[in-house]
Amino acid sequence: MMLVLATLSLLVWLVLAFAHGRFWQGGPMLGPVPKSVRPVAGTWPAVCVVVPARDEAETIEDSIGSLLAQDYPGPYGVVLVDDRSGDGTGTLARALASPHLHVVEGAEPPAGWSGKLWAVAQGTAEVTRLMPDEPGAPDNTYILLADADIIHEPAHVATLVNKALRDDLDMVSEMVELNTASRAERALVPAFVYFFQLLYPFARVNRRDSKVAAAAGGTILIRRSALARIGGIESLRGALIDDVTLAQRVKRSGGAIWLGHSLLARSVRPYPHPADIWRMVARTAYVQLRHSPLLLLGTVLGMVLVWLVPPVAALFGEGWARLAGALAWAIATITFLPTLRRFELVPFWALLLPAVAAFYTLATIGSAVDHHRGRGVVWKQRAYRERTSPRS
């Protein structure tokens with residue numbers, strides 16, 4: 001049995017490494033571009049940033065401050081939706097007192113809406129009020145959906161818009177830089193990015209002839225007309241994995257999308273303990289599996305085959321089983337190195353990848369257990385269940 005499993009695991013890793021969109025690569029990266037290749041002054045489209053915020057007092061001043069400090073030459077504004085915070089988030093934002101900042105007092109979500117998406121919907125409605133469509137004129141407005149824990153370099157918005165204009169994209173999204181200050185973050189966060197790339201190879205996401213679609217919710221720049229084409233934020237109501245759902249809807253509607261890594265934006269949200277990362281994963285893992293016990297079983301078996309069989313075979317197998325396990329483990333380790341380099345971590349952490357995969361597998365099982373116990377999903381002290389599940 002060990003021989004069969006080790007051989008199968010090696011075959012899987014050969015396919016993943018050489019025929020799965022090169023998911024393991026460090027790019028694509030979106031960094032600043034020279035001003036000489038940007039659109040000339042007067043041709044920049046209008047951009048309005050929508051930031052849903054619920055109990056973000058620790059980060060809101062830095063996050064909104066960085067958005068207000070953008071070096072963007074076109075019409076520009078920031079809409080913060082204070083999603084009924086209890087820690088003074090809205091008050092801190094208003095104290096920034098900028099004519100470009102509009103703070104919306106959020107209402108409780110109606111039935112069937114997830115809290116975050118309802119906040120985003122209220123923000124996009126405010127964008128329409130601030131930047132109304134001109135009858136008969138093309139819609140040249142972009143909306144940037146940004147999390148409240150993201151810090152943006154001054155050139156970030158201009159770089160996003162430049163990418164959208166140069167490549168005629170309906171949506172540009174980035175995996176922002178994530179915290180790796182604590183030991184738990186260094187051990188677990190890079191693998192989160194690596195597994196996301198494994199699920200949604202960026203190269204396939206960015207191909208217009210591929211059905212693979214995904215986005216990273218930290219920063220999503222979307223053409224307002226593309227959002228209207230899919231029915232607006234309302235078409236996503238209830239979705240918990242809203243970023244991926246949005247990307248899928250835009251791509252199905254004929255829109256071109258791009259997903260990459262950011263060099264100009266970083267998250268300051270800390271995950272100091274393994275339990276914090278466990279909760280982050282468990283919040284939506286079973287949703288991604290469409291609440292299906294069969295998909296959960298298949299996922300667990302697949303994780304065991306791909307991640308646990310190689311080290312077990314390499315350490316305890318004999319003959320070909322040991323060699324196949326060692327080769328599979330080596331391929332997995334090597335493919336993780338570009339991600340570690342992005343986080344500026346030493347290669348040693350790659351050896352722990354099977355244990356990290358076991359952690360994420362257990363968190364996924366925990367997500368299913370929570371669901372079947374009726375606990376639902378909690379986001380910022382608000383519990384709700386998904387009404388619409390994303391489909392690939």
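Every heavy atom of this structure was used, including side-chain atoms; hydrogens, water molecules and symmetry mates were not.
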Using every non-hydrogen atom in the two residues, find where Ile277 and Tyr360 come nearest and quote the distance to one decimal.
CG2-OH, 3.9 Å
Heavy-atom donor-acceptor pair, Thr89 side chain to Asp82 backbone, under 3.5 Å
no
Do you reckon Val268 sits in the same ILVMFWY cluster as Leu188, going by side-chain contacts under 4.5 Å, direct or chained?
no
Are Glu185 and Arg269 ion-paired here, with the side-chain N under 4.0 Å from a carboxylate O?
no
Check for me, please, whether Leu16 and Ile331 land in the same ILVMFWY cluster - side-chain distances under 4.5 Å, paths through other members count.
yes
Judged by modelled atom types alone, do His100 and Gln70 share a side-chain donor-acceptor pair under 3.5 Å?
no
Is there a side-chain contact between Leu198 and His20, using heavy atoms and a 4.5 Å cut-off?
yes
Under 4.0 Å between a side-chain nitrogen and a carboxylate oxygen: does that hold for Asp370 and Arg279?
no
Tell me the closest heavy-atom pair linking Trp258 and Asn206, and the distance in Å.
CA-OD1, 3.1 Å
Donor-acceptor pair, distance only, cut-off 3.5 Å: does the side chain of Ser367 make one with the backbone of Ala363?
no
For residues Leu101 and Leu80, report the shortest heavy-atom separation together with the two atoms involved.
CD1-CB, 4.3 Å
Parallel, tilted or perpendicular, as decided by the 30° and 60° cut-offs, for the rings of Phe196 and Phe202:
perpendicular
Where the side chain of Ser173 meets the backbone of Ala216, is there a donor-acceptor pair that is under 3.5 Å apart?
yes
Quick check: are there more than 12 heavy atoms from other residues, nucleotides or ligands sitting under 6.0 Å from CZ of Arg204?
yes
Should Phe343 and Leu352 be counted in the same cluster of Ile, Leu, Val, Met, Phe, Trp and Tyr side chains packed under 4.5 Å apart?
yes
As an exercise, state the distance from CZ of Arg252 to NZ of Lys211, rounded to the nearest 0.5 Å.
9.5 Å
Donor-acceptor pair, distance only, cut-off 3.5 Å: does the side chain of Trp118 make one with the backbone of Ala107?
yes
Please answer: with hydrophobic residues joined when any side-chain heavy atoms are less than 4.5 Å apart, are Leu3 and Leu10 in the same cluster?
yes
Would you mind listing every ring-ring contact (aromatic ring centres under 6.0 Å, His included) that reaches into residues 262-282, with sequence neighbours excluded?
Trp278-Phe359
Within the 3.5 Å criterion, strictly below it, is a donor on Ser267 or Asp149 matched to an acceptor on the partner's side chain?
yes
For Asp87 versus Ala57, what's the shortest heavy-atom pair and its separation?
OD2-N, 3.0 Å
Ion pair present between Arg249 and Asp242, side-chain N to carboxylate O less than 4.0 angstrom?
no
I'd like to know if the side chain of Ser66 reaches the main chain of Ile151, judged simply by a donor and an acceptor atom lying under 3.5 Å from each other, with no hydrogens or angles considered.
no
Side chain of Asp71, backbone of Ala155: donor and acceptor closer than 3.5 Å?
no
Do any N or O atoms from the side chain of Asp83 and from the backbone of Arg54 form a donor-acceptor pair under 3.5 angstrom?
no
Going through the distances and angles, do Glu153 and Arg266 end up as a salt bridge (Lys or Arg N to Asp or Glu O under 4.0 Å)?
CA-CA 9 Å; Glu153 295 296 324; Arg266 69 184 188 279; 3.6 Å; yes
For Ala181, does its backbone N or O pair with a side-chain atom of Arg186 as donor and acceptor, under 3.5 Å?
yes
Approximate separation, where rounding is to 0.5 Å, of Leu246 CG and Leu117 CG:
9.0 Å
Point-to-point distance, once rounded to the nearest 0.5 Å, from NE2 of His152 to CD1 of Ile64
7.5 Å
Ring centroids only, cut at 6.0 angstrom: are Trp307 and Phe195 within range, meaning strictly under it?
yes
Euclidean distance, Thr361 OG1 relative to Leu296 CG, rounded to 0.5 Å:
10.0 Å
Decide if the gap between the ring center of Phe23 and the ring center of Tyr200 is smaller than 6.0 angstrom.
no
Closest heavy-atom pair and its distance - Ile150, Gly218:
CG1-O, 3.9 Å
Per the salt bridge (Lys or Arg N to Asp or Glu O under 4.0 Å) rule, which among Arg208, Arg229, Arg224, Lys163 passes with Asp170?
Arg229
Atom CZ of Arg94: over 12 foreign heavy atoms under 6.0 Å
yes
Quick one: CZ on Phe336 to CG on Leu345, what's the gap to the nearest 0.5 Å?
8.0 Å
Heavy atoms of Pro52 and Ala146 approach each other most closely as CD-O, 3.4 Å
Euclidean distance, Ser253 OG relative to Ile230 CD1, rounded to 0.5 Å:
6.5 Å
